[in-house]
There are 2 protein chains.
Amino acid sequence: MQEIEPGAGGGSVPALRRAVRILDLVAGSTARPNAAGLSRALGLPKSTAHGLLAAMVELGLLERGADGSYRLGVHPMRWTGGSVARTDLVPLFYDHLASRPALAAYTVTLSVREGAEVVYIGCRNSDRPLGVTFRIGMRLPAPFTATGKALLASLPDAEIAELLSGPWPTRLTPRSVGGLAALGAEIAATRAAGYSLDDGQVREDMVCLGAALRDHSGQAAAGMAISLLRSDAAPGRLPELGAMLAETARTISRRLGG
Amino acid sequence: MQEIEPGAGGGSVPALRRAVRILDLVAGSTARPNAAGLSRALGLPKSTAHGLLAAMVELGLLERGADGSYRLGVHPMRWTGGSVARTDLVPLFYDHLASRPALAAYTVTLSVREGAEVVYIGCRNSDRPLGVTFRIGMRLPAPFTATGKALLASLPDAEIAELLSGPWPTRLTPRSVGGLAALGAEIAATRAAGYSLDDGQVREDMVCLGAALRDHSGQAAAGMAISLLRSDAAPGRLPELGAMLAETARTISRRLGG
DNA sequence: ATACGTGGTTCAGTATAATGAACCGAATTC
DNA sequence: GAATTCGGTTCATTATACTGAACCACGTAT
């Protein structure tokens, strides 16, 4: 009878767990499921799903359309600010990009780390299409992404090892680094250079540079990255780009700490 | 034994309701409460609070600091996008502001309506300080704010009346309109002009102009407003500013509908 | 040293929230 | 027009998630 949940175990507050799954579903896809569809997707009895959905609507977590479908409510927006640092982070990011014309040619992303993953919370696309779209809320394994490496590099080695002690994520491309030792070298290089590099480890034809943003406490509150096509990434230019990125990150960090 | 809950009734999925209250608390103030504090604030037994909080941490809704305090987790960020329209809305807003130098002199805000309130989901401050900061997640009564009036104006009169059928919100300044009749005139003016006006009804020394953003369905998905000090708001300039705002709103709306 | 306050953990008992079967209405399909 | 599917609602039953009391661990004041 015990449902097998992979990864993380969990036994209590089922209503909350289900609500989170529903919100993930509704937010993660463009589909606008109705109550019956959600009930099926979650394997819940109809009556249970209806009760839960009604409560979620009442709480403002969901809204329901005229056709009975559910879409995300506005209430979660109250939370995306949160700590002082994070409240201001997203606007600050977009704001600052506007004042950096040199970055206009690149797709620039903002993300935070959640465990061994990075979650994208901001993105400004370049005029040059990348062939990849970073959707807000998207998650990628931290060890492969530029932002992830920049954020990991800001942690003590022991913590990195602990975070990645679980099963190593499946590689996304043949270039994806495999294993803690290889990552260690990249982390060291990141610390030395002040910026991180994802050389085709997420998408083979994409190169990304990353840097951490630090709040007043010096902690890495988030990370930013610029992404470009490999064909646009002359190797000689990367250090220059990295320096510009690191400088941008420092500027934003200063404003976070103000 | 039945706890008296004002306003909205509610009986089921208590875990979810409590989780929402906790997130509201944690996100709403800069305080970093610990488990015992939250347990007290919610009137929950310690053991219940601990179980709930542990689950919330596991789900990524909360994070716990080294000192045992709780702060907002990153998981909710996955939801703030949500529907296609809203996923793109916030970046689109910031993105578009960057290309409108004429707006740089004003504080520009983006918000959505939740019931009879507006919730701020984006803000780009002007170089000229306003003396007010619009925090993401902040809420104000819709009838007093420029955005709120613009959003209300896009609804049929009957719906407005129903939304505001409850007790009228306490006025924020002596200029705050009081009563449905007075608001009706403002709504009519908004519909005629294509933009709305808050003339010191939120803060006496602040004037705001608002306009609605419409998605592909023509529905008002959100609203934007520009805010300026009364001393900067020569009465003759308001129509001109309003026209510019309405035009900006139309442009963003078009990109929402694409 | 003792008493006290605070924050956290454990666990059996029970109030309570999830369940699923039955029922209803509407829209399709045969 | 009967049968079927689909979405939604209701309600008695029961599994289960919450409760509260007892118990640690620690720091501080008496």
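Reminder, nothing fancy here: chain letters follow the sequence lines and each chain counts from 1. Side chains included, hydrogens not; waters and symmetry mates left out as well; all remaining heavy atoms used.
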Handout entry: N or O in side chain of B:R18 less than 4.0 angstrom from D:dT19 OP1/OP2
Key = yes
Problem - Parallel, tilted or perpendicular: rings of B:Y94 and A:Y94 (30°, 60°) - result: parallel
Practice task
Could you tell me the separation between the CZ atom of A:R17 and the P atom of C:dA18, rounded to a whole number of Å?
Solution key: 14 Å
Problem - Members of residues 47-55 of chain A that approach DNA chain C, where some heavy atom sits under 4.0 Å away - result: A:S47, A:T48
Completion exercise
When rounded to the nearest 0.5 Å, the distance separating CG of A:L52 from OG of A:S47 is 11.5 Å
Problem - Distance (rounded to the nearest 0.5 Å) between B:R18 CZ and B:L23 CG - result: 14.5 Å
Exercise for the section: For A:L38 and D:dG7, give me the distance from atom CG to atom C1', rounded to whole Å. Expected result: 13 Å
Problem - Earlier contact from the 5' end, DNA chain C, for A:K46 and A:A15 - result: A:A15
Exercise for the section: Would you mind telling me which of D:dC18, C:dA17, C:dT19 lies closest to the side-chain atoms of A:P45? Expected result: C:dT19
Handout entry: Residue A:A35, side-chain atoms from C-beta onward, closest of D:dG8, C:dG20, C:dG8
Key = D:dG8
Problem - Minimum-distance nucleotide (side-chain atoms of A:V13 versus D:dG20, C:dA22, D:dC18) - result: D:dC18
Practice task
Please confirm whether the backbone N or O of B:S196 pairs with a side-chain atom of B:T190, one donor and one acceptor, at under 3.5 Å?
Solution key: no
Handout entry: C:dG7 phosphate, OP1 or OP2, under 4.0 Å from B:R40 side-chain N/O
Key = yes
Handout entry: Note: A:D157-A:R191 ion pair, threshold 4.0 Å (strictly below)
Key = yes
Problem - From A:L183 atom CG to A:L164 atom CG, the distance as rounded to the nearest 0.5 Å - result: 6.5 Å
Handout entry: Proximity to the side chain of B:A36 - top-ranked nucleotide from D:dG7, C:dG8, C:dT19
Key = C:dG8
Practice task
Please examine the side chains of B:L152 and B:S154, heavy atoms only from C-beta on, and report whether any two atoms are closer than 4.5 Å.
Solution key: no
Handout entry: Separation of atom OH in A:Y70 from atom P in D:dG7, rounded to whole Å
Key = 12 Å
Practice task
Starting at atom CG of A:L44, determine the distance to atom C1' of C:dA17, rounded to an integer number of angstrom.
Solution key: 13 Å
